[in-house]
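Each chain gets a letter, A, B and so on, in the order its sequence line appears, and its residues count up from 1.
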Number of protein chains: 2
Amino acid sequence: MYFWRNLYPLTRSEENYIKAIFHLGGNASTSVATNAIAEEMDTKPSSVTDMAKKLADKGLVNYVRYQGVLLTEKGIKTALGIIRKHRLWEVFLVKKLDFSWDEVHEVAEQLEHIKSEKLIDKIDELLEFPKYDPHGDPIPTKNGEFQERDKQLLSEMPLSSTGICVGVKDSSSSFLKFLDKNQIALGETIQILDKEDFDDSLLIKIAEREFHISHQIAANLFVKKNS
Amino acid sequence: MYFWRNLYPLTRSEENYIKAIFHLGGNASTSVATNAIAEEMDTKPSSVTDMAKKLADKGLVNYVRYQGVLLTEKGIKTALGIIRKHRLWEVFLVKKLDFSWDEVHEVAEQLEHIKSEKLIDKIDELLEFPKYDPHGDPIPTKNGEFQERDKQLLSEMPLSSTGICVGVKDSSSSFLKFLDKNQIALGETIQILDKEDFDDSLLIKIAEREFHISHQIAANLFVKKNS
DNA sequence: ATCAATTTTTAGATTTGTCTAAATTTTTAT
DNA sequence: ATAAAAATTTAGACAAATCTAAAAATTGAT
């Protein structure tokens, strides 16, 4: 009777676990710890164990007792599908409905579970096949291809170098609002004018303004080196 | 402790019950039978009884044992909110994503449960506040106002009268596909040329073509009388 | 008005996803 | 190498939403 199982669609909970495991690096070769998943998902390790077994049954992860979980090929495809949906909906919300980039996450968390291949492909088309979401993260294609951008953290750029702001590492609402308030937007050119040894804070130039930012800010902003 | 309860959002299942009860006329003064709800929702009467108690706890319905269920004011508002979302999403799918009117129902059934007031209001705005969905059903406003159209079934129109096709009673995929195939679309003018006593079939004129339709078809097409 | 048919509810079970608390395994520090 | 700490699993419980089977109430037909 068991061979039916993977014909059934995944539950919302299963999808969320897959997404979390992917996010924690479960696509690589080192498996993800039960505790890490529990923390990421704000749940208990025992719940993670239960779900790990179920996902293993469905062929989405490899699970070995006491050794954590690793996405299978099928699990990775599933994860990319969910991430694709999440990020496309984020673009839709920003581009078509005038949401700001700090408002989209919650709603996209719901929309990513809508089951209709046609729907998401049409949304993709409407948006003219965007490559990046509003936070600069790449959008997997329909076939699960993933194009990670050539980028580095602002905090790791050398003094007096220049780069274009292409993404954020932390996409919490508070960080994004801070960036808005200080008119730091994706696409802007940033130049590092000075570094403070004491606290690693930076003096940067962005859009003709000079501006002090803490290390914590710089360590959450991705820039693309000017070649 | 009980006064928290109605702050929590409704579950998907609760929303589906509310919608079904509304659909069965539970907004009027005669209450809806357990069996009718079970049939409508393709579930068992005992499940309905359980849910009736839960919805009554939450103040969404009045429930008296052995006497069925009646939506409260709050229940009616909830129902109208869900119907509003369902119908707006249907318009969105047709107008913005080129879905055909026989494809939208399933997807809208999922989208109607997305919880974000801003989202649906923005969708409403994007669509320029449509009054009717693709099947001709009216879309409740944000405040729950409902404008039922002045319409009647084609089968009830007198011989040789003329009307504009404004909606369908049955919106099953098979019926809608039949209409498409025969180029019967909302907005078209229909004239009744002849009625057959034997089987109540009609000879109609639509878009310059003459056309025979069975009573079953005519009894599922709404027209607006030409005044 | 009574009894049979129908409708509805109750009681008890099941599944999914979660939890707590206890047991077990693995890791780490000495 | 071993004991303490940390991580993980198991066992048993619970809430939500459902089901089946049996009991109870209502309805309807004579």
Side-chain angles (χ1 to χ4, degrees), chain A residues 1-2 4-21 24-26 30-70 78 82 109-110 113 115, chain B residues 1-2 4-21 24-26 30-70 78 82 109-110 113 115:
Chain A
M1 290 301 193
Y2 279 114
W4 294 102
R5 269 206 152 290
N6 47 8
L7 295 177
Y8 291 126
L10 299 185
T11 66
R12 182 174 291 228
S13 184
E14 288 167 342
E15 289 193 345
N16 284 332
Y17 272 96
I18 293 291
K19 201 174 44 145
I21 295 164
L24 292 167
T30 38
S31 52
V32 178
T34 305
N35 258 7
I37 300 169
E39 181 131 331
E40 170 84 8
M41 299 198 57
D42 206 20
T43 184
K44 302 294 165 184
S46 55
S47 307
V48 176
T49 299
D50 290 345
M51 186 56 88
K53 289 173 187 166
K54 199 192 301 182
L55 294 176
D57 272 356
K58 294 197 175 187
L60 294 160
V61 302
N62 291 124
Y63 166 62
V64 183
R65 273 157 89 253
Y66 294 104
Q67 270 179 225
V69 124
L70 192 65
T78 303
I82 301 164
E109 289 278 294
Q110 296 181 63
H113 300 292
K115 280 166 178 70
Chain B
M1 287 302 191
Y2 277 115
W4 293 104
R5 269 209 152 289
N6 47 9
L7 295 176
Y8 291 127
L10 300 185
T11 66
R12 183 175 288 230
S13 184
E14 287 167 343
E15 289 192 347
N16 284 332
Y17 272 96
I18 293 291
K19 201 174 46 146
I21 295 163
L24 292 168
T30 37
S31 50
V32 178
T34 304
N35 259 7
I37 299 169
E39 181 132 334
E40 170 84 8
M41 300 198 57
D42 205 19
T43 185
K44 303 292 164 186
S46 55
S47 308
V48 176
T49 300
D50 290 345
M51 185 57 88
K53 289 173 186 165
K54 198 191 303 181
L55 295 175
D57 272 356
K58 295 197 175 186
L60 293 160
V61 302
N62 291 124
Y63 166 63
V64 183
R65 273 155 92 252
Y66 294 101
Q67 270 180 224
V69 123
L70 193 63
T78 302
I82 301 164
E109 288 279 293
Q110 297 181 62
H113 299 293
K115 279 165 179 71

inquiry  = If I take atom CD in residue B:Glu39 and atom P in nucleotide C:dT8, what distance separates them, rounded to the nearest angstrom?
reply    = 11 Å

remark   = To the nearest angstrom, the CG-P distance between A:Asp42 and C:dT18 comes to 11 Å

Residues which pass side chain to side chain contact (heavy atoms under 4.5 Å, CB included) with B:Glu109, listed by chain and number, not counting sequence neighbours = B:Lys19, B:His86, B:His105, B:Glu112

request  = Could you tell me which residues satisfy side chain to side chain contact (heavy atoms under 4.5 Å, CB included) with A:Ala33, sequence neighbours excluded, listed by chain and number?
outcome  = A:Ala36

message = According to side-chain hydrogen bond (donor to acceptor under 3.5 Å, both in side chains), who are the partners of A:Lys53, at least two apart in sequence or on a separate chain?
response = none

Rounded interatomic separation in angstrom, taking CD1 from B:Ile37 and C1' from C:dT7 = 13 Å

request  = Measure from NZ on A:Lys58 to C1' on C:dT16 and round the result to the nearest Å.
outcome  = 10 Å

inquiry  = According to salt bridge (Lys or Arg N to Asp or Glu O under 4.0 Å), who are the partners of B:Lys44, at least two apart in sequence or on a separate chain?
reply    = none

request  = Ignoring backbone atoms, test whether A:Ser13 places a side-chain nitrogen or oxygen under 4.0 Å from the OP1 or OP2 oxygen of C:dT16.
outcome  = no

inquiry  = Output the rounded distance in Å from OH (B:Tyr17) to C1' (D:dA16).
reply    = 11 Å

ask   = Between atom CD in B:Glu15 and atom P in D:dA16, what is the gap in whole Å?
value = 16 Å

request  = Take atom CG of B:Leu55 and atom C1' of D:dA16, then tell me their distance rounded to the nearest Å.
outcome  = 13 Å

task = Supply the atom-to-atom distance A:Ile21 CD1 to A:Leu55 CG, rounded to the nearest 0.5 angstrom.
result = 5.5 Å

request  = Treat primed atoms plus P, OP1 and OP2 as sugar-phosphate and everything else as base, then score nucleotides 1-11 of chain D 5' to 3': B for base contact with protein heavy atoms under 4.0 Å, S for sugar-phosphate contact only, - for none.
outcome  = ------SBBB-

Between D:dT18 (P) and B:Arg12 (CZ): distance, integer Å = 12 Å

remark   = Residues passing the side-chain hydrogen bond (donor to acceptor under 3.5 Å, both in side chains) test with B:Asn62, sequence neighbours excluded, are none

